[in-house]
A.B. asks: 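To start, I am sharing the structure in question, which I have written as structure tokens.
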Amino acid sequence: MKARSVVALTGAGISAESGVPTFRGGGSAVWKGMPFDQISSARMVRENLPEVWEWFDYRRGVLRDCRPNPAHFALAEWKRRFAEFTLVTQNVDDLHRAAGSDDVIELHGNIQRSRCTRCGKSFDIAGIVPHEPDRCDDCGSKVRPDVVLFGEMLPYDAFETAERMARKCDLFFVIGTSALVYPAVGLAEIAKHHGAFLVEINPEETPMSDVCDVTIRAKAGEFVPLL
Ligand code: OAD
Ligand code: ZN
């Protein structure tokens with residue numbers, strides 16, 4: 001069978017070979033003694049925005065030296081390869097775009113953007129570490145990272161489009177995600193439920209492994225370009 005509509009859902013693991021630390025596994029991310037789901041939370045934005053920015057600016061500093069790897073580049077080519085291809089990522093690192101994927105569905109936002117806490121105006125802060133401006137030039141309110149934090153909703157349009165494509169695809173790849181964070185991983189279940197063939201690429205077992213039709217225990221950067 002030849003797949004017509006293909007979806008790939010990526011997570012932190014696809015960027016591991018680019019030097020971006022993952023959140024879980026190999027020592028989970030901790031910042032000043034705080035687990036990442038505490039520092040990356042809606043509550044921290046309300047209570048201690050400067051600390052949130054310190055953690056995000058630190059990560060943005062690390063990212064400055066990171067380049068896309070062969071997995072990102074291979075996925076950027078898939079647009080030409082399949083009649084319909086949708087790239088959905090949980091990553092905020094912007095590496096898919098850097099590799100040439102121009103219409104990535106970013107479920108969790110993008111670390112290279114900030115947004116006003118009051119009027120929502122967004123700012124491109126790529127390459128600016130520490131971030132600037134610190135206040136919105138329209139309304140003067142503080143800006144925050146334009147990412148989805150624990151305790152927040154996913155951007156409605158992004159999730160809705162991803163869900164629609166998951167429902168109609170016939171081949172769905174789950175690449176480099178621990179498959180623990182909903183609703184993102186729910187997309188794979190939706191695809192499966194609607195008859196898609198599921199393929200997982202991850203060196204470790206995940207809760208998704210049993211649900212997938214094929215699981216490939218390999219590193220994304222080594223395996224995805226071979227597909
Ligand atoms: P995790 O850090 O939870 O999981 C990374 C996964 O990548 C693990 O399953 C690893 O086994 C796998 N992995 C490691 N190296 C790999 C490689 N070279 N190739 C392929 N896979 C590899 O990251 P996510 O699943 O993306 O949310 O985490 C989901 C969300 O949790 C993130 O988007 C983030 C976090 O909270 C937000 O920032 C909102
Ligand atoms: Zn504003």
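Heavy-atom basis, side chains included; hydrogens, waters and symmetry copies ignored. Atoms within each ligand, like the ligands themselves, are counted from 1 in listed order. Along the sequence shown, residues carry numbers from 1.
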A.B. asks: Heavy-atom contacts with Ala16 under 4.0 Å: which atoms of ligand 1 show up? List them by number with element.
C.D. replies: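 What qualifies from ligand 1 is 15 (N).
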
A.B. asks: Evaluate Pro203 for polar contact with ligand 1, using N/O atom pairs at a separation under 3.5 Å.
C.D. replies: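 Looking only at distances, the answer is no, because the N/O contact criterion of under 3.5 Å is not met.
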
A.B. asks: Would you mind telling me if ligand 1 is within reach of the side chain of His108, the backbone, both or neither, using heavy atoms under 4.0 Å?
C.D. replies: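 Within the 4.0 Å criterion, His108 contacts ligand 1 through side-chain atoms alone.
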
A.B. asks: Give yes if a backbone or side-chain nitrogen or oxygen of Thr177 is under 3.5 Å from a nitrogen or oxygen of ligand 1, and no if not.
C.D. replies: yes

A.B. asks: Tell me whether Glu205 is salt-bridged to Arg217, with the criterion being a basic N under 4.0 Å from an acidic carboxylate O.
C.D. replies: no

A.B. asks: Kindly compute the distance separating CG (Asp94) from CD1 (Ile111), expressed to the nearest 0.5 Å.
C.D. replies: 10.0 Å

A.B. asks: Please determine whether a side-chain nitrogen of the Lys or Arg among Glu77 and Arg80 lies less than 4.0 Å from a carboxylate oxygen of the Asp or Glu.
C.D. replies: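 Looking at Glu77 and Arg80, the cut-off is met.
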
A.B. asks: Are a donor atom and an acceptor atom from the side chains of Ser5 and Glu84 found within less than 3.5 Å of each other?
C.D. replies: yes

A.B. asks: What protein N/O/S atoms are found closer than 2.8 Å to the Zn ion (ligand 2)?
C.D. replies: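 Checking every protein N, O and S atom gives Cys116 SG, Cys119 SG, Cys136 SG, Cys139 SG.
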
A.B. asks: Less than 4.0 Å is my threshold; does some heavy atom of Phe150 fall inside it relative to ligand 1?
C.D. replies: yes

A.B. asks: With a heavy-atom distance limit of 4.0 Å, tell me whether Glu17 approaches ligand 1 through its side chain, its backbone, both, or neither.
C.D. replies: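 Looking at Glu17 and ligand 1, just side chain atoms fall under 4.0 Å.
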
A.B. asks: Any atoms of ligand 1 less than 4.0 Å from a non-hydrogen atom of Glu204? List them with their elements.
C.D. replies: 11 (O)

A.B. asks: If you measure every N or O of Val148 against every N or O of ligand 1, does any of those distances drop under 3.5 Å?
C.D. replies: no

A.B. asks: Select the closest option to atom 9 (O) of ligand 1 among Val174, Val181, Asn202, judged by heavy-atom distance.
C.D. replies: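 It is Asn202 that holds the nearest heavy atom.
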
A.B. asks: Only heavy atoms of Gly11, strictly under 4.0 Å: list the atoms of ligand 1 that pass.
C.D. replies: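 Answer, ordered by atom number: 26 (O).
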
A.B. asks: Taking NZ, NE, NH1 and NH2 as the nitrogens, is one of them in Arg59 or Asp93 under 4.0 Å from a carboxylate oxygen of the other?
C.D. replies: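 No salt bridge links Arg59 with Asp93.
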
A.B. asks: Do ligand 1 and Ile201 have nitrogen or oxygen atoms that lie under 3.5 Å from each other?
C.D. replies: no

A.B. asks: Does any N or O of ligand 1 fall below 3.5 Å from an N or O anywhere on Phe23, backbone included?
C.D. replies: yes

